[in-house]
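Got a structure here, written out as structure tokens. Questions coming.
Chain naming here is simple, since letters A, B, ... match the order of the sequence lines and numbering starts at 1 in each.
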Amino acid sequence: VAHAWRTTETKWYPLPLAVGALLLVGLAWKHEYQRRRREAEVTLSGDGEVLKLQGPWQVHVLGALPLRQLSRLWGWLNSHELPLWLRPYGYGFYAWLFGVNLEEMDPADLSAYRSLGEFFYRGLKDGARPIAGTELVSPSDGTVVHLGEIQANRRIEQIKGVTYSLDALLGRGQSSTPVLSPSLPPREGTQDSAFAEINGIPYSLISLMGSPSSKPPNAPHRPATPIKAQDQGDRAIHQPVGEKVHHSVQVAQEMGAQAVTSLGHTVREGNSLFYIVVYLGPGDYHRFHSPASWVVEKRRHFSGELFSVNPWLVSRLPNLFVLNERVALLGKWRHGFFSFIPVGATNVGSINISFDTDLRTNAHSAPPVGTFVEASYSSASALLGGWPAVKGEEMGGFALG
Amino acid sequence: STIVLVFEAPQRWEWSVKPGEKVRVGQALGD
């Protein structure tokens, strides 16, 4: 053996591509496995619960995959420009497969979309989605997964009998990193009396805030629903203009443990916390709109996994919405606390917020699971203390990868 | 992808939709 070791000539050959690819996948898997082991004991839940991957064997198989890397690879593949002749066939097949309504999209010409990623993030024609006059409207196309009232234990029901913590979803306490102040575009005048009911600011002042003559540089080229002044004069105004909202800690304590600590607010007397979960399928329009007129005060970006969020997995993987990467927009509306939480998934790992171009989701070097980076929008409006989101206005969307 | 809304509202809040129902942007969810 010693003789052979010394005298045998070494010849080097290039590895076949398949072997090289296998080696790379193996290395990625090892890296992911080690990362998961390190993070396995992270306490994600606000009530001290240690969250671990649990469920049937399919869940563990999914958990072993490098989902974030796969998501970014998927996005990269779908950002490539397709040849002009292929576009109508390719997108037409996608539309047939997932039930996309091609007649309502804008532009209507399929060859105008350079890549599948662009087609996926398509816009809609004006008037395709009328906005209902009721207080809360759907922020997106999709299917209602669950809805209800949050009880005093501050847990949200994922499926029957399986819950996750409200504090884990929205974050509790302060971010471990400094609070960011993203550069926000100048805000157009907002003529919506609902804002007067939020902060008790005279309606006349609200209509003048921002820079009426300037358009946000990163505003979508044409929102699906134009922003218009809304006549909400038929609403009962529950408090006189100019009077500050009184949040009574004592009242909240009497009601039980309902305090919304994520913003330091407490629930008003006679109010409760409610939730609704909307799932967007692959064929759905993937931009989201403001479900009400409200003020976005903070953004919390939670790093996390990118499991699929289809109803099948929702019913099998507890704490799915707390494990996944998400952006929690926190603020207030006329009844008090309001939050809007887009949750990413494997195929749609990128969450865009139209007015916050500093936000980067599904990044290569993500901070540890369970932590969040906080940004304050207080500079958007000195009067309202945040970004005024008008009901029906486009707020952002989900992009492939 | 999924969107979760968590909000405060009067206890007399009434939903206009139910689980499993298809919704579209701008459709009433509750009042």
Distance in Å, A/N271 CG paired with B/W13 CH2, rounded so as to fall on 0.5 Å steps: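 Here the interatomic distance stands at 11.0 Å.
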
Euclidean distance, A/M395 CE relative to B/I3 CD1, rounded to 0.5 Å: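 Output value for this atom pair is 9.5 Å.
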
Side chain, backbone, both or neither of A/V145 within contact of chain B (heavy atoms, under 4.5 Å):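 The backbone, not the side chain.
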
Separation between CD of B/Q27 and CG of A/L136, rounded to the nearest 0.5 Å: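 Answer for the CD-CG pair, B/Q27 versus A/L136, is 11.5 Å.
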
Residue, of A/V277, A/T143, A/I276, A/I156, that accumulates the most heavy atom pairs under 4.5 Å with chain B: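 Among the listed options, the one with the most contacts to chain B is A/I276.
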
Contact origin within A/P282 toward chain B - heavy atom pairs under 4.5 Å: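 Interface part for A/P282: neither.
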
Main-chain N/O of B/E8 paired to A/W333 side chain as donor or acceptor, under 3.5 Å: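 Yes; judged by distance alone, with no hydrogens or angles, the pair exists.
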
Heavy-atom closest contact (B/P10 atom, A/H335 atom, distance):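 Heavy-atom minimum between the residues: CD-ND1, 3.5 Å.
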
Worked verdict on A/L169 versus B/V6 for side chain to side chain contact (heavy atoms under 4.5 Å, CB included): CA-CA 10 Å; A/L169 180 75; B/V6 178; 4.1 Å; yes

Minimum heavy-atom distance between A/E135 and B/D31, given as atom pair plus value: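 Between these two residues, the closest heavy atoms are CG-OD1, 2.9 Å.
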
Heavy-atom pair with the smallest gap, counting every atom of A/D141 and B/V25: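 Of all heavy-atom pairs spanning A/D141 and B/V25, the closest is OD1-N, 2.8 Å.
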
Any donor-acceptor N/O pair, B/T2 side chain to A/V343 backbone, under 3.5 Å: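 Not confirmed, B/T2 side chain does not pair with A/V343 backbone.
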
Side chain / backbone / both / neither for A/F398 at chain B, heavy atoms under 4.5 Å: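 A/F398 touches chain B through side-chain heavy atoms alone.
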
A/P291 side chain reached by B/L5 side chain, heavy atoms, under 4.5 Å: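 Yes, at least one pair of side-chain atoms sits under 4.5 Å.
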
Check: B/F7 and A/W294 side chains under 4.5 Å, non-hydrogen atoms: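 No, too far: nothing below the 4.5 Å cut-off.
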
Side-chain atoms of residues 306-313 of chain A: list all donor-acceptor pairs with protein atoms under 3.5 Å, sequence neighbours left out, distances to 0.1 Å.
| from | atom 1 | to | atom 2 | distance (Å) |
| --- | --- | --- | --- | --- |
| A/S308 | OG | A/N310 | N | 3.3 |
| A/S308 | OG | A/N310 | ND2 | 2.8 |
| A/N310 | OD1 | A/W312 | N | 2.9 |
| A/N310 | OD1 | A/L313 | N | 3.0 |

Atom pair CZ/OG of B/R12 and A/S272 - distance to nearest 0.5 Å: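 Result: 11.5 Å between the selected atoms.
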
